[in-house]
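These numbers were taken from a predicted model, which means no experiment stands behind them. Order of the sequence lines sets the chain letters (A, B, ...), proteins ahead of strands, with each chain counted from 1.
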Protein chains: 2
Amino acid sequence: MTTRIEYTNHDHDTCIHAALERAAEICYARGQRLTALRKQVLELVWHSHKPVGAYDVLAMLSKGQDRPAAPPTVYRALDFLQEQGLVHRIASLNAFIGCSCPDTPHVGIFLICEKCRTTRELAHEVGGEASLLPIQDLADSTGFQTRGALVELTGLCPACQLEKADA
Amino acid sequence: MTTRIEYTNHDHDTCIHAALERAAEICYARGQRLTALRKQVLELVWHSHKPVGAYDVLAMLSKGQDRPAAPPTVYRALDFLQEQGLVHRIASLNAFIGCSCPDTPHVGIFLICEKCRTTRELAHEVGGEASLLPIQDLADSTGFQTRGALVELTGLCPACQLEKADA
DNA sequence: CTTGCAAAGATATAATATAACATCCAGAGC
DNA sequence: GCTCTGGATGTTATATTATATCTTTGCAAG
(Lines give C-alpha, C1' and ligand atoms only; values in the text may rest on other atoms or scores of the structure.)
Protein backbone atom coordinates (compact mmCIF):
# COMPACT_ATOMS: atom_id res chain seq x y z
CA MET A 1 0.00 0.00 0.00
CA THR A 2 1.15 3.46 -0.83
CA THR A 3 -0.05 7.01 -0.67
CA ARG A 4 1.67 7.70 -3.93
CA ILE A 5 -0.45 9.38 -6.51
CA GLU A 6 -0.45 7.56 -9.80
CA TYR A 7 -0.42 10.09 -12.54
CA THR A 8 -0.66 7.61 -15.33
CA ASN A 9 -3.80 5.59 -15.87
CA HIS A 10 -5.87 7.43 -13.35
CA ASP A 11 -9.29 8.87 -13.88
CA HIS A 12 -8.35 12.48 -14.14
CA ASP A 13 -11.95 13.63 -14.40
CA THR A 14 -12.23 12.61 -10.79
CA CYS A 15 -9.30 14.87 -9.88
CA ILE A 16 -10.89 17.80 -11.65
CA HIS A 17 -14.30 17.20 -10.22
CA ALA A 18 -13.00 16.86 -6.69
CA ALA A 19 -10.88 19.97 -7.00
CA LEU A 20 -13.78 22.06 -8.27
CA GLU A 21 -16.09 20.81 -5.57
CA ARG A 22 -13.61 21.51 -2.82
CA ALA A 23 -12.90 24.95 -4.25
CA ALA A 24 -16.61 25.76 -4.18
CA GLU A 25 -16.86 24.70 -0.56
CA ILE A 26 -13.81 26.68 0.46
CA CYS A 27 -14.93 29.84 -1.27
CA TYR A 28 -18.41 29.54 0.14
CA ALA A 29 -17.05 29.07 3.65
CA ARG A 30 -14.89 32.16 3.26
CA GLY A 31 -17.54 34.32 1.66
CA GLN A 32 -15.55 34.51 -1.55
CA ARG A 33 -17.13 34.29 -4.96
CA LEU A 34 -16.05 31.43 -7.18
CA THR A 35 -17.54 32.96 -10.29
CA ALA A 36 -18.11 31.08 -13.52
CA LEU A 37 -14.94 32.53 -14.99
CA ARG A 38 -12.80 31.68 -11.99
CA LYS A 39 -14.21 28.21 -11.90
CA GLN A 40 -13.49 27.74 -15.56
CA VAL A 41 -9.91 28.92 -15.15
CA LEU A 42 -9.45 26.59 -12.22
CA GLU A 43 -10.78 23.74 -14.29
CA LEU A 44 -8.37 24.56 -17.10
CA VAL A 45 -5.44 24.68 -14.70
CA TRP A 46 -6.51 21.27 -13.46
CA HIS A 47 -6.60 20.03 -17.01
CA SER A 48 -3.45 18.06 -16.24
CA HIS A 49 -0.87 17.49 -13.54
CA LYS A 50 1.56 19.63 -15.46
CA PRO A 51 1.92 23.34 -14.78
CA VAL A 52 0.10 25.40 -17.37
CA GLY A 53 1.05 28.86 -18.58
CA ALA A 54 -1.30 31.82 -18.29
CA TYR A 55 -1.38 32.14 -22.05
CA ASP A 56 -2.21 28.47 -22.41
CA VAL A 57 -5.20 29.04 -20.17
CA LEU A 58 -6.03 32.09 -22.22
CA ALA A 59 -5.96 30.09 -25.43
CA MET A 60 -8.11 27.30 -24.00
CA LEU A 61 -10.51 29.86 -22.61
CA SER A 62 -10.81 31.63 -25.93
CA LYS A 63 -11.21 28.53 -28.07
CA GLY A 64 -14.51 28.72 -29.88
CA GLN A 65 -15.37 32.14 -28.49
CA ASP A 66 -16.41 34.99 -30.76
CA ARG A 67 -14.00 37.34 -29.05
CA PRO A 68 -10.90 35.87 -27.45
CA ALA A 69 -10.30 36.76 -23.83
CA ALA A 70 -7.57 39.24 -22.95
CA PRO A 71 -4.62 38.54 -20.65
CA PRO A 72 -5.94 40.47 -17.63
CA THR A 73 -8.97 38.24 -17.55
CA VAL A 74 -6.82 35.22 -16.94
CA TYR A 75 -4.29 36.88 -14.67
CA ARG A 76 -7.02 38.25 -12.43
CA ALA A 77 -8.64 34.89 -12.11
CA LEU A 78 -5.28 33.29 -11.39
CA ASP A 79 -4.52 35.95 -8.78
CA PHE A 80 -7.79 35.20 -7.05
CA LEU A 81 -7.16 31.47 -7.13
CA GLN A 82 -3.69 31.95 -5.73
CA GLU A 83 -4.96 34.17 -2.94
CA GLN A 84 -7.40 31.45 -2.02
CA GLY A 85 -4.66 28.87 -2.16
CA LEU A 86 -6.40 26.97 -4.93
CA VAL A 87 -3.49 27.19 -7.34
CA HIS A 88 0.24 27.65 -6.95
CA ARG A 89 2.58 29.46 -9.25
CA ILE A 90 5.69 27.58 -10.33
CA ALA A 91 8.25 30.34 -10.60
CA SER A 92 10.84 28.37 -12.52
CA LEU A 93 8.31 27.69 -15.28
CA ASN A 94 6.17 30.83 -15.18
CA ALA A 95 3.24 28.50 -14.88
CA PHE A 96 0.43 27.48 -12.60
CA ILE A 97 -0.76 24.25 -11.08
CA GLY A 98 -3.77 23.26 -9.05
CA CYS A 99 -3.25 22.76 -5.35
CA SER A 100 -4.35 19.37 -4.18
CA CYS A 101 -4.58 20.46 -0.58
CA PRO A 102 -6.14 23.91 -0.57
CA ASP A 103 -7.82 23.64 2.81
CA THR A 104 -4.85 24.72 4.84
CA PRO A 105 -2.34 27.39 3.88
CA HIS A 106 1.13 26.04 3.27
CA VAL A 107 4.26 26.75 1.33
CA GLY A 108 4.60 24.66 -1.76
CA ILE A 109 7.30 22.08 -2.26
CA PHE A 110 7.26 20.87 -5.82
CA LEU A 111 8.88 18.05 -7.73
CA ILE A 112 9.03 18.97 -11.39
CA CYS A 113 9.92 16.36 -13.98
CA GLU A 114 12.28 17.82 -16.54
CA LYS A 115 11.09 15.42 -19.17
CA CYS A 116 7.32 15.24 -18.95
CA ARG A 117 6.84 18.28 -16.73
CA THR A 118 4.48 16.38 -14.47
CA THR A 119 4.65 18.18 -11.16
CA ARG A 120 3.82 16.87 -7.78
CA GLU A 121 3.34 18.82 -4.60
CA LEU A 122 5.08 17.47 -1.53
CA ALA A 123 4.20 20.12 1.01
CA HIS A 124 1.28 18.27 2.47
CA GLU A 125 2.73 14.79 2.38
CA VAL A 126 3.58 13.22 5.66
CA GLY A 127 6.51 15.24 6.91
CA GLY A 128 6.24 17.62 4.01
CA GLU A 129 6.10 20.91 5.80
CA ALA A 130 8.39 19.59 8.50
CA SER A 131 11.10 18.98 5.95
CA LEU A 132 11.48 22.74 5.62
CA LEU A 133 12.35 23.20 9.26
CA PRO A 134 16.13 22.89 8.96
CA ILE A 135 16.16 25.63 6.35
CA GLN A 136 13.85 27.80 8.44
CA ASP A 137 16.05 27.24 11.46
CA LEU A 138 19.10 28.25 9.50
CA ALA A 139 17.30 31.36 8.27
CA ASP A 140 16.19 32.17 11.81
CA SER A 141 19.73 31.82 13.06
CA THR A 142 20.79 34.64 10.74
CA GLY A 143 18.07 36.88 12.12
CA PHE A 144 15.91 36.59 9.02
CA GLN A 145 12.16 36.66 9.55
CA THR A 146 10.66 34.27 7.02
CA ARG A 147 7.22 35.04 5.64
CA GLY A 148 7.03 32.97 2.50
CA ALA A 149 8.93 30.29 0.67
CA LEU A 150 9.39 28.69 -2.66
CA VAL A 151 10.86 25.22 -3.10
CA GLU A 152 11.09 23.65 -6.52
CA LEU A 153 13.09 20.53 -7.23
CA THR A 154 13.73 19.48 -10.80
CA GLY A 155 14.64 15.99 -11.93
CA LEU A 156 13.03 12.88 -13.27
CA CYS A 157 9.76 11.39 -12.15
CA PRO A 158 9.60 7.61 -11.70
CA ALA A 159 7.92 7.04 -15.06
CA CYS A 160 10.51 9.05 -17.00
CA GLN A 161 13.39 7.29 -15.25
CA LEU A 162 12.11 4.06 -16.78
CA GLU A 163 11.72 5.59 -20.22
CA LYS A 164 15.24 6.92 -20.03
CA ALA A 165 16.53 3.44 -19.31
CA ASP A 166 14.77 2.27 -22.48
CA ALA A 167 16.35 4.88 -24.69
CA MET B 1 31.95 36.60 16.98
CA THR B 2 29.79 35.82 14.04
CA THR B 3 30.09 34.74 10.46
CA ARG B 4 27.23 37.01 9.58
CA ILE B 5 27.83 39.22 6.61
CA GLU B 6 27.14 42.84 7.36
CA TYR B 7 25.48 44.35 4.34
CA THR B 8 25.34 47.84 5.71
CA ASN B 9 28.49 49.83 6.27
CA HIS B 10 30.80 47.41 4.58
CA ASP B 11 33.32 48.22 1.93
CA HIS B 12 31.49 46.88 -1.04
CA ASP B 13 34.34 47.60 -3.41
CA THR B 14 36.13 44.80 -1.63
CA CYS B 15 33.26 42.42 -2.38
CA ILE B 16 33.32 43.33 -6.04
CA HIS B 17 37.07 43.13 -6.32
CA ALA B 18 37.24 39.78 -4.59
CA ALA B 19 34.43 38.37 -6.73
CA LEU B 20 36.08 39.46 -9.96
CA GLU B 21 39.41 38.09 -8.93
CA ARG B 22 38.00 34.75 -7.93
CA ALA B 23 36.00 34.58 -11.15
CA ALA B 24 39.15 35.14 -13.16
CA GLU B 25 40.93 32.37 -11.32
CA ILE B 26 38.05 29.95 -11.75
CA CYS B 27 37.66 30.61 -15.46
CA TYR B 28 41.37 30.34 -16.03
CA ALA B 29 41.51 27.04 -14.18
CA ARG B 30 38.67 25.70 -16.29
CA GLY B 31 39.94 26.99 -19.59
CA GLN B 32 36.95 29.30 -19.93
CA ARG B 33 37.22 32.83 -21.22
CA LEU B 34 36.18 35.59 -18.88
CA THR B 35 36.04 38.19 -21.61
CA ALA B 36 35.87 41.92 -20.97
CA LEU B 37 32.12 41.91 -21.55
CA ARG B 38 31.49 38.99 -19.24
CA LYS B 39 33.66 40.53 -16.60
CA GLN B 40 31.80 43.81 -16.90
CA VAL B 41 28.44 42.12 -16.59
CA LEU B 42 29.66 40.22 -13.55
CA GLU B 43 30.83 43.48 -12.02
CA LEU B 44 27.44 45.08 -12.66
CA VAL B 45 25.63 42.15 -11.08
CA TRP B 46 27.87 42.56 -8.08
CA HIS B 47 27.01 46.23 -7.94
CA SER B 48 24.93 45.47 -4.85
CA HIS B 49 23.70 42.61 -2.72
CA LYS B 50 20.29 42.92 -4.30
CA PRO B 51 19.30 40.85 -7.31
CA VAL B 52 19.51 42.85 -10.50
CA GLY B 53 17.37 42.43 -13.60
CA ALA B 54 18.86 41.66 -17.00
CA TYR B 55 17.53 44.93 -18.34
CA ASP B 56 19.05 46.82 -15.44
CA VAL B 57 22.40 45.35 -16.38
CA LEU B 58 21.66 46.28 -19.97
CA ALA B 59 20.96 49.88 -19.01
CA MET B 60 24.08 50.17 -16.89
CA LEU B 61 26.11 48.58 -19.65
CA SER B 62 24.77 50.98 -22.24
CA LYS B 63 25.13 54.14 -20.20
CA GLY B 64 27.41 56.52 -22.00
CA GLN B 65 27.84 54.23 -24.99
CA ASP B 66 27.28 55.47 -28.51
CA ARG B 67 25.10 52.50 -29.31
CA PRO B 68 23.25 50.80 -26.49
CA ALA B 69 23.78 47.10 -26.09
CA ALA B 70 21.04 44.69 -27.15
CA PRO B 71 19.37 42.14 -24.84
CA PRO B 72 21.12 39.06 -26.22
CA THR B 73 24.45 40.58 -25.28
CA VAL B 74 23.47 40.62 -21.64
CA TYR B 75 21.60 37.33 -21.62
CA ARG B 76 24.50 35.52 -23.21
CA ALA B 77 26.92 36.87 -20.67
CA LEU B 78 24.53 35.96 -17.85
CA ASP B 79 24.10 32.46 -19.27
CA PHE B 80 27.85 32.00 -19.28
CA LEU B 81 28.20 33.31 -15.74
CA GLN B 82 25.42 31.00 -14.57
CA GLU B 83 27.01 28.00 -16.25
CA GLN B 84 30.22 28.79 -14.44
CA GLY B 85 28.34 29.18 -11.18
CA LEU B 86 29.40 32.80 -10.84
CA VAL B 87 25.88 34.15 -10.66
CA HIS B 88 22.53 32.68 -9.65
CA ARG B 89 19.15 33.49 -11.06
CA ILE B 90 16.44 34.36 -8.57
CA ALA B 91 13.35 32.92 -10.20
CA SER B 92 10.83 34.74 -8.04
CA LEU B 93 12.29 38.08 -9.09
CA ASN B 94 13.49 37.34 -12.63
CA ALA B 95 16.80 38.71 -11.49
CA PHE B 96 20.40 37.75 -10.96
CA ILE B 97 22.82 37.89 -8.08
CA GLY B 98 26.49 37.20 -7.71
CA CYS B 99 27.45 33.95 -6.06
CA SER B 100 29.72 34.43 -3.11
CA CYS B 101 30.91 30.86 -3.17
CA PRO B 102 31.48 29.97 -6.83
CA ASP B 103 34.27 27.46 -6.27
CA THR B 104 32.03 24.51 -5.64
CA PRO B 105 28.77 23.75 -7.41
CA HIS B 106 25.74 23.92 -5.14
CA VAL B 107 22.06 24.59 -5.18
CA GLY B 108 21.17 28.05 -4.03
CA ILE B 109 19.23 28.77 -0.88
CA PHE B 110 18.28 32.42 -0.78
CA LEU B 111 16.85 34.76 1.81
CA ILE B 112 15.18 37.66 0.03
CA CYS B 113 14.10 40.73 1.98
CA GLU B 114 10.69 41.88 0.82
CA LYS B 115 11.42 45.42 1.82
CA CYS B 116 14.95 46.24 0.71
CA ARG B 117 15.41 43.22 -1.57
CA THR B 118 18.81 42.50 -0.09
CA THR B 119 19.40 38.84 -0.75
CA ARG B 120 21.67 36.50 1.06
CA GLU B 121 22.75 33.06 0.00
CA LEU B 122 22.61 30.40 2.66
CA ALA B 123 23.66 27.37 0.67
CA HIS B 124 27.28 27.48 1.69
CA GLU B 125 26.78 28.51 5.29
CA VAL B 126 27.57 25.94 7.88
CA GLY B 127 24.88 23.32 7.46
CA GLY B 128 23.49 25.11 4.44
CA GLU B 129 23.46 22.31 1.97
CA ALA B 130 22.67 19.82 4.68
CA SER B 131 19.46 21.64 5.48
CA LEU B 132 18.09 20.44 2.17
CA LEU B 133 18.48 16.79 3.06
CA PRO B 134 15.04 16.23 4.59
CA ILE B 135 13.41 17.56 1.44
CA GLN B 136 15.67 15.46 -0.74
CA ASP B 137 14.89 12.42 1.36
CA LEU B 138 11.20 13.04 1.00
CA ALA B 139 11.61 13.42 -2.75
CA ASP B 140 13.66 10.23 -2.91
CA SER B 141 11.00 8.37 -1.00
CA THR B 142 8.52 9.13 -3.77
CA GLY B 143 10.90 7.75 -6.38
CA PHE B 144 11.81 11.16 -7.73
CA GLN B 145 15.37 11.59 -8.99
CA THR B 146 16.43 15.10 -8.07
CA ARG B 147 18.83 16.90 -10.36
CA GLY B 148 18.41 20.53 -9.42
CA ALA B 149 16.72 22.69 -6.86
CA LEU B 150 15.53 26.15 -6.15
CA VAL B 151 14.92 27.46 -2.66
CA GLU B 152 13.89 31.05 -2.10
CA LEU B 153 12.62 32.34 1.22
CA THR B 154 11.04 35.76 1.41
CA GLY B 155 10.66 37.84 4.54
CA LEU B 156 12.41 40.59 6.38
CA CYS B 157 16.12 40.96 6.87
CA PRO B 158 17.35 42.01 10.33
CA ALA B 159 17.81 45.65 9.32
CA CYS B 160 14.29 45.98 7.92
CA GLN B 161 12.76 44.35 10.97
CA LEU B 162 14.16 47.23 13.01
CA GLU B 163 12.90 49.82 10.57
CA LYS B 164 9.48 48.29 10.67
CA ALA B 165 9.44 48.59 14.43
CA ASP B 166 10.21 52.29 14.02
CA ALA B 167 7.36 52.92 11.61
C1' DC C 1 47.82 34.30 -44.45
C1' DT C 2 43.82 31.87 -44.19
C1' DT C 3 40.67 29.32 -42.11
C1' DG C 4 37.92 27.96 -38.34
C1' DC C 5 35.44 28.89 -34.36
C1' DA C 6 33.77 31.16 -30.33
C1' DA C 7 32.16 35.69 -29.00
C1' DA C 8 29.73 39.66 -29.77
C1' DG C 9 26.74 42.77 -32.65
C1' DA C 10 22.30 43.65 -34.72
C1' DT C 11 17.53 43.01 -35.85
C1' DA C 12 13.37 41.19 -35.02
C1' DT C 13 10.04 39.01 -32.35
C1' DA C 14 8.24 35.83 -28.77
C1' DA C 15 6.48 35.16 -24.17
C1' DT C 16 4.96 36.84 -19.84
C1' DA C 17 2.63 40.36 -17.15
C1' DT C 18 0.40 44.77 -15.76
C1' DA C 19 -1.67 49.64 -16.01
C1' DA C 20 -5.61 52.21 -16.76
C1' DC C 21 -10.09 53.01 -17.82
C1' DA C 22 -14.90 51.44 -19.23
C1' DT C 23 -18.78 48.51 -18.48
C1' DC C 24 -21.53 45.18 -16.36
C1' DC C 25 -24.13 43.02 -12.89
C1' DA C 26 -25.63 41.09 -8.35
C1' DG C 27 -27.19 42.31 -4.05
C1' DA C 28 -28.23 45.88 -0.18
C1' DG C 29 -31.12 49.26 1.20
C1' DC C 30 -34.89 52.15 0.29
C1' DG D 1 -39.47 47.80 -8.28
C1' DC D 2 -35.61 51.23 -8.22
C1' DT D 3 -31.22 52.90 -7.50
C1' DC D 4 -26.88 52.86 -5.72
C1' DT D 5 -22.65 50.60 -4.83
C1' DG D 6 -18.76 47.78 -5.18
C1' DG D 7 -16.65 43.89 -7.02
C1' DA D 8 -15.99 41.40 -11.32
C1' DT D 9 -15.12 41.53 -16.02
C1' DG D 10 -14.17 43.67 -20.66
C1' DT D 11 -11.04 46.41 -23.47
C1' DT D 12 -7.03 48.70 -25.03
C1' DA D 13 -2.56 49.63 -24.63
C1' DT D 14 1.91 48.86 -23.02
C1' DA D 15 5.61 47.19 -19.89
C1' DT D 16 8.84 43.61 -18.87
C1' DT D 17 11.50 39.57 -19.67
C1' DA D 18 13.63 36.47 -22.94
C1' DT D 19 14.99 34.19 -27.34
C1' DA D 20 15.67 33.16 -32.48
C1' DT D 21 18.41 34.18 -36.23
C1' DC D 22 21.71 35.99 -39.02
C1' DT D 23 25.96 38.86 -39.44
C1' DT D 24 30.37 40.46 -38.13
C1' DT D 25 34.48 40.44 -35.47
C1' DG D 26 38.63 38.93 -33.51
C1' DC D 27 41.84 35.69 -32.22
C1' DA D 28 44.63 31.66 -32.49
C1' DA D 29 46.18 27.26 -34.67
C1' DG D 30 47.87 25.33 -38.64
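Chain A approaches DNA chain D over the interval dA8(D) to dT12(D), counting the first and last nucleotide 5' to 3' with an atom under 4.0 Å from its heavy atoms.
Val57(B) and Tyr55(B) fall within a single hydrophobic cluster, where Ile, Leu, Val, Met, Phe, Trp and Tyr side chains are chained together by heavy-atom contacts under 4.5 Å.
Listed in residue order, the members of residues 75-97 of chain A having a heavy atom less than 4.0 Å from DNA chain D are Arg76(A).
Ring pair His10(B)/His49(B) is tilted by interplanar angle, where 30° to 60° counts as tilted.
Each of Thr73(A) and Tyr55(A) lies near DNA chain D, and the nucleotide nearest Thr73(A) is the one positioned closer to the 5' end. Heavy-atom nearest nucleotides on DNA chain C were determined for Pro71(B) and for Arg33(B), and the one closer to the 5' end corresponds to Arg33(B).
For the pair Cys157(B)/Leu111(B), no side-chain contact is recorded, criterion being any heavy-atom separation below 4.5 Å from C-beta on.
Within the 4.0 Å cut-off from OP1 or OP2 of dA7(C), at least one side-chain nitrogen or oxygen of Arg38(B) is found.
Under the salt bridge (Lys or Arg N to Asp or Glu O under 4.0 Å) criterion, Asp103(B) pairs with Arg22(B), sequence neighbours left out.
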- Give the intermediate values and the outcome of side-chain contact (heavy atoms from CB on, under 4.5 Å) for residues Val151(B) and Val107(B). CA-CA 8 Å; Val151(B) 180; Val107(B) 308; 5.7 Å; no
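With Gln84(B) contributing its side chain and Pro102(B) its backbone, the two residues share no donor-acceptor pair below 3.5 Å. Side chain of His88(B) to main chain of Ile109(B): no donor-acceptor pair is present (N/O by atom type, distance under 3.5 Å, no hydrogens or angles). Put simply, the side chain of Thr154(B) never gets that close to the backbone of Glu152(B): no donor and acceptor are under 3.5 Å apart.
Nearest nucleotide to the Thr35(B) side chain, out of dA7(C), dG9(C), dA10(C): dA7(C).
Distance Gln65(B) CD to dA10(C) C1': 16 Å, rounded to the nearest Å. Atom CZ of Arg67(B) is separated from atom P of dG9(C) by 12 Å (rounded to the nearest Å).
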